[in-house]
Structure formats: structure tokens, C-alpha cells
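Data block below; observations after.
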Amino acid sequence: MEKLSFTVSAEEKEKIETLIAKMTVDEKIGQLNQVGPSPVGGFEISLKEKKLMLHEGKITKEEFERDLQGVQWDTRESDVRDGKIGSFLGMRGVEKCNHMQRIAVEESRLGIPLFFGLDVVHGLRTIFPIPLAESCSFDENLFEQTASIAAKEAAATGIKLTFAPMIDVCRDARWGRIAEGAGEDTYLTSRFAAAKVRGFQGDDIAKDDKIAACAKHFVAYGAAIGGRDYNSADMSLQTLWETYLPPFKNAVDSGVASFMTSFNDLNGEPCTTSNYLLKDILRGKWAFGGAVISDSGAIGELIEHGTVSDRSEAANQALCAGIDIDMSSMCYTENLKNAVLKGDIPVEVLDDAVRRVLRLKFALGLFDHPYTDESAGESMYLCDEHIKLARDAGRRSIVLLKNDGILPLGSDKKIAVVGELAAIRKEMLGTWAAMGRGDEAVCLLDGLAERNLSVSYEECCKVDGTFDRAALEKAVKDADIVIAAVGEYADMSGEASSLCHIGLHGEQEKMLLALKELGKPFVTVLFNGRPLAVPKAVEISNALIEAWHLGSQAGNSICDVLFGDYNPSARLTATFPNHSGECPIYYNHVSTGRPTSEIRHSCKYMDAPLKPLFPFGYGLSYTDYQYSDLSLSQNNDRVDISVKVKNTGKLPGEETVQVYVRDITASKVRPVKELKAFGKVWLSAGEEKTVKLSVPKDSLKFYDMGMNCIFESGDFEFFAGHDSTASLSKVIYIEN
Ligand code: NOJ
């Protein structure tokens, strides 16, 4: 039985078959062709070259953006009219989408509607925190709500498919795309995947405010060797099945409408043409019936991978492995016809792919409602409800990393703000900001201004530039407290933004050291899209706030935390190393024979601390929580955990309760511990509540050498607490 979020009625099935019977081979291939508008005229050189020049520093970001604005975009109207294009990516603007749709529906021979896809990763115009930040809320309702608003805004602009959620587990913060996912943990990422699919798709993707989701990137892209984007992934099948596949399985079980394959090769096989991944696992074992899309240009890149000799072979292999839609490479358009006519590819294989694309279009309701109401969007983008959610999502994503008692700040203090990132609105949006506009975002200075506080600002230091000590001394002279905004520009994380140094760039650390020297109490606010190795900043700051790239309302969310209107409750979903050289680093590594310790011959670096800078699950609050009375019980299929949590501080707060499990003895080496359950509990000052969570016994299974998923009876240690170092534990014997 195929797994799909939508059912196609008997009548629709008949219509699909009738259409397929009428289609020429060219029209069939057209349905599998996804393209983006391409630039014409405005550039004397190609967009690709211009991007390279930007990358190499030959032109500035401003020059690049200015050129881009002047450019004319070719939307290939005649190809749409001729039925040579089935869908678009990157088309922005409801009028443009409707215009193109009109050509497809009213002027092409068969009138098959297009669909429009876009990377709506964390919002469309109202931008929510980047996924890595949002994952720190450990809040599934939030994951779902922000996806739901993103879907609503996207659908209003004609977009009916988002290339999200990105559910690549990532254990190496050098990889820039860690920003786009839910961090290093498989269980959390799996729950994130399900919640995002629910949020984007709801119960019917045909509804006006819903869109199709796309689980990406299938698979192991987050394991790019050395954290270098587009690099190979090489791992045991056990790691693949236990760590990287489960979020994708959860997406299938949640009814995700489509999948995107990843750029990388896995164990020597490009994921774009992997029969093992696409046929045996995705279509076979998991019975996924939705559409599979290649990543952008990836079919053509098989030539660079060296597994095909030309674009025709690339097209044949990709289609036969199960890629229904060729994103941007044009290999299908240029080559499949010949292959089908020569009999190299059975027409049934082509028809199957076309069938899946048409099914998606029927499920999206495009045959009945191909056009989008052009008046719906403007009143909805950044409306009060969406802004309110963005602000709440922001503060729920902020992780308080250090506080010597300076926070929350009183509003009577004279505050000096320094650091470029406090003042640049567009840098708040983060990577993949869809149709978000920099000038619509609230930066830290805006947030402070809204509170009518006595605040002064001086840039003093750019992210990648030099630091002006004289300006700093002058700026902070009369201040009671300094807020230092440091970190990364938005484009230092995301695609093609891997770094081998993940500390503070330029002279930002110098600025913090100078503040320390001047003896001014200061709060460091970090803006970044990945874990940062910043031990010095931790040591010398009076308080440290991890503010990520929080989106449209960043400045207000940060002020809510700074001034105590919100008591921070978020926890890190990726380990922070002390040095870049510790990457990859993650809490749920398997047990070695020589566990990390002071002993020389133990698993560690000689020149790094034994512990990470901050462990997975870590985060402070303005109150304290105490755990006690952990008890475990079991029935046939699950273990129930009960633990008392008390707010021992003076402020109300929300605690993120985490349950980890260690399989004490097994026939294979198992992780030291793994997150298996979590929940949030609201506690007023002094209040104690019993929190109950459960862990399905199935989730304690693992893969043996023959890749059978097995359960082994034995002792399991359950930990409950505040983060992955929780020590309150109980052992329970669980029988198969
Ligand atoms: C390439 C990226 O890898 C993918 O995540 C994205 O969806 C496509 N480009 C389309 O923008």
C-alpha cells in the first residue's frame, strides 16, 4: 500500500490516465522538467560568473544585488505554451505565477497546470527563526505553527510546494547548512520533520492556505566529510539507518508529498541515481508514492561525479532510479526523448514519473483552481498575528548560555550598544529568507528603541573588519552596561557557506577583550547560523545570549529576553565545541574502549578541554529547576517515565524536560546515551509538578550486522534532566 498524504479519487485516476494517453513523449518529458526564471540582458556576463566574482571578493554584495535588480528575467513563456515545462522554482510574485499559469492552462495543448516551488524554509515574507534556532525551542506546536503560517503566506503568492523541511542530521558545525535543519539529534529531527509536514500540508494540500512539503536532502548530506558543502558522505549502513534515515522515514509516515535527493554521493553512489536509496528503501520498504525531485542541476552533475559519461546517460540513470522531476539541469528535456524512442527506457518508466507528477497536481487542486487570488497576500504578510508568532518564536529560540546575574537588565540603566550586527536589519533574516525583506525586519537597535530606553550606539567593529578601539572607548565611557552584538552575517551559513574556522571572525573578539579591559559589564549577543567555538567570549562576558538569526522580529524577541519579559527556555540542539578542530562533535557518540577522561591514553584531544563548550540540550533560565523521584514502569510496548520537577527560583518559567537512554550491554557498540523523549512544563516560582513521558520500546532497537532491526533484552539506563549531561538515572530490565 503506497504511503501518501493524499488520495486520488477513481475519477481523478481516470483523468490522469486519459491525459497520459493523449500526451506526446515531449509533453510527458515536459511534466518532468522544472526550471527557474533565468536572467537575460542585465548582465554582460552570466549569473554564475557574477556569483563567482562575489564569492572571490571581486565585487561587493551591494554591487551584486544592484546588478541583480536591473536584470530581466526570462520565464520561458513559449516553452510553457509548448508543454515543455511542468513546474517552476524560484518564481516570485503572485501576478507572475498567475500569468505563467494562464499560459499553461489556456494556451498549451492539454491545459495541464504548472506548480510553483520555492524554498520557504522558515517563512515567506514574515520570517521566523532559522530552523536550527527554532529547533532549540523543543516545541513541536511551534514547529507546526510557523510552518502553517509560512504555508499560508506562500500559497497566497502562488507557491504550492516548498522545498522544506530540511531534515539532514548534522554533527559538524563547519557545514553551513546546519542552519537549515534541527541540529545533531535524530530523534528531535524526526519529530521536527513530522511537525513541519503537518504545518505545511495540514490535512489537505488542496486547501487555499496549504502547500506540499518536500523532505530533503535524501540522504546523508549533513555528513559531508569535513563539513565541506557538496562533499561525499561515507558511513556504515548502521549509522545510515540509525542516524540519518529515521527523520526521512518519519516524513513519509507523516504523509509528506515529495522528496528531494541530495547532491552528495553516499558510500560511492550519487544519491541522485541510487537504486538502493530510491528503489529499495524509499519506494520499496517505505512504499513512498509521492514525487521525487532532484536537487538543482544534480542530474547534470553526475558527469562531475564520474558515474556517467554524458548528459544522456545521466538522464537515463536518474529516471530509472526514480527521479520524477529534473530540477534545473535540463538533462531530461535534452535527452529522454531519444532514449524512449530507441527503447533504452521503457515508456512505462516515463509514464510512472508523469503519473506521480500529475497526481501531485491533482492533489494540490490545481486542475480545479489553477489561479491564486491576487488580493489575498498583501493584507496577510506581516499581519499582527504573524508578527506576534514571529516574536514569540524568536524568544522561544534564544538560548541563554551564560549569566552571572547581570540579566535580566533593569530599564533604568544607561546602555551602550556596539557591534555591526546590532544595526543591520537584513542580517536578522538568516539564510533562505524566501521573500523576506531586510527593511521589514526588526534589529536589536529597533527593539531597544521601541522600549524608549536610554541607549547609545556605535559600530566599533564589523563582522569581518577591524576594530576601532578609540570609538569603543568613547562609546562606552558613560554607560552602565554594554551590549556587544557579534557573530556571523546571514550568508556565512546556509548553502555553500562551510567554514573551517567557526569562531568569531575579523576582530570581534578583540572588541570583547577591550570591553573586559575597560572593566565595563557587558552582555554578548551572538548572531549566527551554526554553533560557534567562542570559549574566550564565554569566559569574559558577564552574560551570553545565543540569538541566532531570528527573523522578522529578532530585535523584539531579544529585548524580551534581555529585559526579562520572557524567561529563556530554549536548549541547544547542536553541541558547541571549544575549537573548530573538535568538529565533528556530538553528544550521542558510541562508547569507546577508552572513554574520555584525564588519563592520557583516553579518547580526547591533548590540547582541548575534556568537555565541549556547551553540550547538547544545554541552556539556562532566569530560574532554577530541580529534578527528583525518577521512576520507571513498563508495559508491553513502552516504558513510562515519571519525574518530579521543581522550580526552585524566584521567577516563573518553562522547563524543557529531556529523557536520555543508554543501552548498557548489547551485542554491538551503542551510543553513550540518546535522546528518546522530551516535554515542556510550565512552573511558577516554587512550584513542583510530576512530568510523565514515555518511550516506545521499538525506539530502543538497533541494527545488527545484517541490517536487521533488532531488540535485545537487557538493562537500560534512563536519565531525566535539564540537558544531555543529566545524571539522575534509573536502570530497568526490559525483556524482548
Ligand atoms: C539547492 C539546494 O540544495 C536545495 O536545498 C534547494 O531547495 C534548491 N537549490 C532550490 O533552491
Side-chain angles (χ1 to χ4, degrees), residues 33-39 47-48 51 55 68 73 85-92 115-124 130-132 147 150 154 157 159-170 175-182 189 193 196-197 200 211-224 227-233 247-248 251 256-266 270-272 290-302 304-305 318 323-330 430-436 491 493-498 529:
N33 184 27
Q34 181 172 97
V35 295
S38 52
L47 177 61
K48 206 168 172 182
K51 278 186 180 162
H55 207 69
L68 210 62
W73 294 95
I85 292 174
S87 54
F88 274 94
L89 78 148
M91 185 78 78
R92 287 173 168 83
F115 72 78
F116 300 92
L118 188 73
D119 292 273
V120 183
V121 175
H122 53 116
L124 189 281
I130 54 166
L132 178 64
T157 189
I159 301 301
K160 276 304 260 180
L161 185 142
T162 174
F163 303 118
M166 191 281 222
I167 47 177
D168 295 310
V169 168
C170 176
W175 193 51
R177 304 200 76 170
I178 192 172
E180 299 171 46
T189 305
K196 286 293 174 198
V197 172
F200 286 129
I211 60 178
C214 178
K216 74 182 189 188
H217 308 83
F218 194 60
V219 62
Y221 187 27
R228 210 142 42 104
D229 206 6
Y230 314 120
N231 207 359
S232 304
F248 289 93
V256 72
S258 67
F259 256 60
M260 185 191 294
T261 47
S262 54
F263 284 125
N264 57 286
D265 74 275
L266 172 64
C271 295
T272 311
V292 176
I293 309 174
S294 77
D295 203 341
S296 181
I299 299 180
E301 289 165 18
L302 291 167
E304 273 76 28
H305 273 297
I323 301 278
D324 301 321
I325 297 177
D326 171 6
M327 184 194 280
S328 306
S329 90
M330 302 295 286
T431 183
W432 291 116
M435 289 167 67
D491 66 1
S493 60
E495 189 178 349
S497 301
S498 292

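Both counts, for ligands and for their atoms, begin at 1 and track the order of listing. Values below: every heavy atom of this structure, side chains too, minus hydrogens, waters and symmetry copies. Quick note: residue numbers are just sequence positions, from 1.
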Exercise. Which of the atoms of ligand 1 are close to Ser296, meaning less than 4.0 Å from one of its heavy atoms?
Worked result: 9 (N)

Problem set entry | Nitrogen or oxygen of Glu180 less than 3.5 angstrom from that of ligand 1 | no

For this session: Please work out whether any backbone atom (N, CA, C, O) or any side-chain heavy atom from C-beta onward of Arg177 is under 4.0 Å from ligand 1, and answer side chain, backbone, both or neither.
Result: side chain

Exercise. Just heavy atoms, cut-off under 4.0 Å: does Trp432 contact ligand 1 by side chain, backbone, both, or neither?
Worked result: side chain

Exercise. With atoms numbered from 1 as shown, which atoms in ligand 1 lie under 4.0 angstrom from a non-hydrogen atom of Leu89?
Worked result: 10 (C)

Problem set entry | Between Asn264 and Ser232: side-chain donor-acceptor atoms closer than 3.5 Å | no

For this session: Examine the side chains of Asp295 and Tyr221 and answer whether a donor and an acceptor come within less than 3.5 Å of each other.
Result: no

Exercise. Heavy atom under 4.0 Å from ligand 1: found in Lys216's side chain, backbone, both, or neither?
Worked result: side chain

For this session: Please indicate whether any nitrogen or oxygen in Asp295 is less than 3.5 Å from any nitrogen or oxygen in ligand 1.
Result: yes

Exercise. Heavy atoms, side chains only, cut-off 4.5 Å: are Thr157 and Arg92 in contact?
Worked result: no

Problem set entry | Student check: side-chain heavy atoms of Thr162 and Asp119 closer than 4.5 Å | no

Seminar exercise, completed: Heavy atoms of Ile323 and Ile325 approach each other most closely as CG2-O, 3.3 Å

For this session: Would you mind checking which non-hydrogen protein atom is closest to atom 11 (O) of ligand 1, with the distance to 0.1 Å?
Result: Asp119 OD2, 2.5 Å

Exercise. Between Tyr230 and Glu495, is any side-chain donor less than 3.5 angstrom from a side-chain acceptor?
Worked result: yes

